[in-house]
There are 2 protein chains.
Amino acid sequence: MSCDTELSELLRSRGFRLTPQRHAIMHLLKASGKHLSPAEVYEQAHQSVPGITEATVYRTLDFLTENGVVQPVLNENRHLVYEISDHHHHHLICSTCRAQVDIDPKPLQKAIAGLESQTGFRINAGHITFFGLCPACKKEQEELQS
Amino acid sequence: MSCDTELSELLRSRGFRLTPQRHAIMHLLKASGKHLSPAEVYEQAHQSVPGITEATVYRTLDFLTENGVVQPVLNENRHLVYEISDHHHHHLICSTCRAQVDIDPKPLQKAIAGLESQTGFRINAGHITFFGLCPACKKEQEELQS
DNA sequence: TTCAGTGCAAAAGATTTGCAACCTA
DNA sequence: TAGGTTGCAAATCTTTTGCACTGAA
């Protein structure tokens with residue numbers, strides 16, 4: 001999803017409409033460059049489309065997800081957030097202290113490409129999150145157990 | 001996390017207590033063999049620990065997550081669910097029709113092992129979910145766009 | 001005995017729904 | 001125009017919190 005025209009055509013080809021609300025939400029997610037909660041999306045969308053409601057935000061987020069424009073992700077607080085699908089990056093979150101670190105996407109891309117050919121799926125792998133233990137918490141845990 | 005004794009020792013070593021509630025929730029997640037929503041966990045836990053409350057379920061799920069016993073996952077309806085961490089399997093979910101398919105874990109394990117040595121994290125990769133388009137929905141979309 | 005953990009109950013938050021009006025294609 | 005979308009408002013569902021009491025170690 002690289003530009004408005006592209007989204008517009010994608011939607012029209014499926015019989016959907018490009019409304020100001022949909023445009024605003026897609027645009028703001030792209031511009032923010034990070035994942036946003038529905039409440040954050042609402043807050044920002046409200047600035048360009050003053051009459052927008054939370055119900056519309058939820059419906060639009062569902063709609064954009066089903067059409068592959070955005071994707072749902074669990075954030076560091078285990079809440080559902082959304083981000084634009086072309087925003088390629090992956091990260092690790094520490095289950096204990098919630099620290100985050102970005103990771104090199106290449107090794108995963110390779111594994112994912114293999115899965116695509118095995119399953120026939122087109123995988124939306126713009127963002128993958130792993131949970132685990134960061135080095136500090138891992139060390140702490142090991143010391144406690146010894 | 002393979003048996004009660006193991007969990008018990010893990011908790012004790014960190015100054016935590018093994019309560020009937022924690023035991024029941026861990027046990028039921030292990031026995032179910034799949035991911036459960038907090039409401040489902042509550043419903044099931046209520047049978048072995050009649051007095052348990054939803055607040056305790058939420059607190060226990062947080063607690064078990066922080067200690068690596070369970071992990072949070074987004075289910076096919078984009079709701080937060082939990083599953084036991086030793087339950088190794090990965091799957092794909094179609095964003096459009098929500099079909100699910102299990103995938104071979106091996107290629108991912110390799111990529112993950114690489115990430116662990118790069119980052120120093122211990123990754124809890126028992127369950128990884130990708131969103132994407134299943135073959136049928138992919139085909140349908142391609143036909144619409146041509 | 002101690003203090004981590006629980007139940008209770010209420011508050012706060014998040015998400016969904018029906019329906020009439022609206023506006024994109 | 002037609003029918004996909006939205007706003008509104010209420011209902012529903014989910015998650016969090018403070019506090020006193022309980023029970024595991």
>> Closest-nucleotide mapping onto DNA chain C: is Asp62(A) or Arg17(A) further toward the 5' terminus? I mean the 5' end.
In response: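 Per heavy-atom nearest nucleotide, the more 5' residue is Asp62(A).
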*Closest-nucleotide ordering on DNA chain C, the 5'-leading residue of Asn77(B) and Phe63(B)*: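 Upstream on the strand: Phe63(B).
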Open item on the list: Any carboxylate oxygen within less than 4.0 angstrom of a Lys/Arg side-chain nitrogen, looking at Arg14(A) and Glu66(A)?
Closed with: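 Looking at Arg14(A) and Glu66(A), the cut-off is not met.
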[atom1]/[X] to [atom2]/[Y] distance, rounded to the nearest 0.5 angstrom?
{"X": "Thr60(A)", "Y": "Tyr82(A)", "atom1": "OG1", "atom2": "OH", "result": "11.0 Å"}
{"X": "Arg78(A)", "Y": "Leu61(B)", "atom1": "CZ", "atom2": "CG", "result": "9.0 Å"}
{"X": "Lys138(A)", "Y": "Thr96(A)", "atom1": "NZ", "atom2": "OG1", "result": "12.5 Å"}
{"X": "Asp62(A)", "Y": "Ser95(B)", "atom1": "CG", "atom2": "OG", "result": "11.0 Å"}

[Y] backbone acceptor or donor facing [X] side chain under 3.5 Å:
{"X": "Asp104(B)", "Y": "Lys106(B)", "result": "yes"}
{"X": "Glu116(A)", "Y": "Ile123(A)", "result": "yes"}
{"X": "Arg17(A)", "Y": "Arg12(A)", "result": "no"}
{"X": "Ser85(A)", "Y": "Gly68(A)", "result": "yes"}

Contacts of Tyr42(B) meeting ring pair (Phe, Tyr, Trp, His ring centres under 6.0 Å) (sequence neighbours excluded), chain-then-number -> His46(B)
Non-neighbouring partners of Phe130(B) that pass ring pair (Phe, Tyr, Trp, His ring centres under 6.0 Å), sequence neighbours left out: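 None.
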Hey, which of these two, Thr19(B) or Gln21(A), hits DNA chain D nearer its 5' end, going by closest nucleotide?
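Nearest nucleotide further toward 5': that of Gln21(A).
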Under 4.5 Å between side-chain heavy atoms, counting indirect links through other Ile/Leu/Val/Met/Phe/Trp/Tyr residues: same cluster for Leu74(B) and Val81(A) or not?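 Not linked; separate clusters.
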Same cluster for Ile103(A) and Leu108(B) if Ile/Leu/Val/Met/Phe/Trp/Tyr side chains link at under 4.5 Å?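 Linked within one cluster.
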Exercise. Tell me, please, the opening and closing nucleotides of DNA chain C, 5' to 3', among those with an atom under 4.0 angstrom from a non-hydrogen atom of chain A.
Key: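 Counting from the 5' end, contacts occupy dA14(C) to dA25(C).
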Close approaches to DNA chain D from residues 50-60 of chain B, in residue order (heavy atom, under 4.0 Å)
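Ala55(B), Tyr58(B), Arg59(B), in order of number.
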Per-helix bend value, the helix from dT1(C)-dA25(D) to dA25(C)-dT1(D), C1' rotation axes over five pairs per end, 10° rounding, shows 60°
Span of DNA chain D, from the first to the last nucleotide whose atoms fall under 4.0 Å of chain A heavy atoms =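 With heavy atoms of chain A under 4.0 Å away, the range is dA2(D) to dT16(D).
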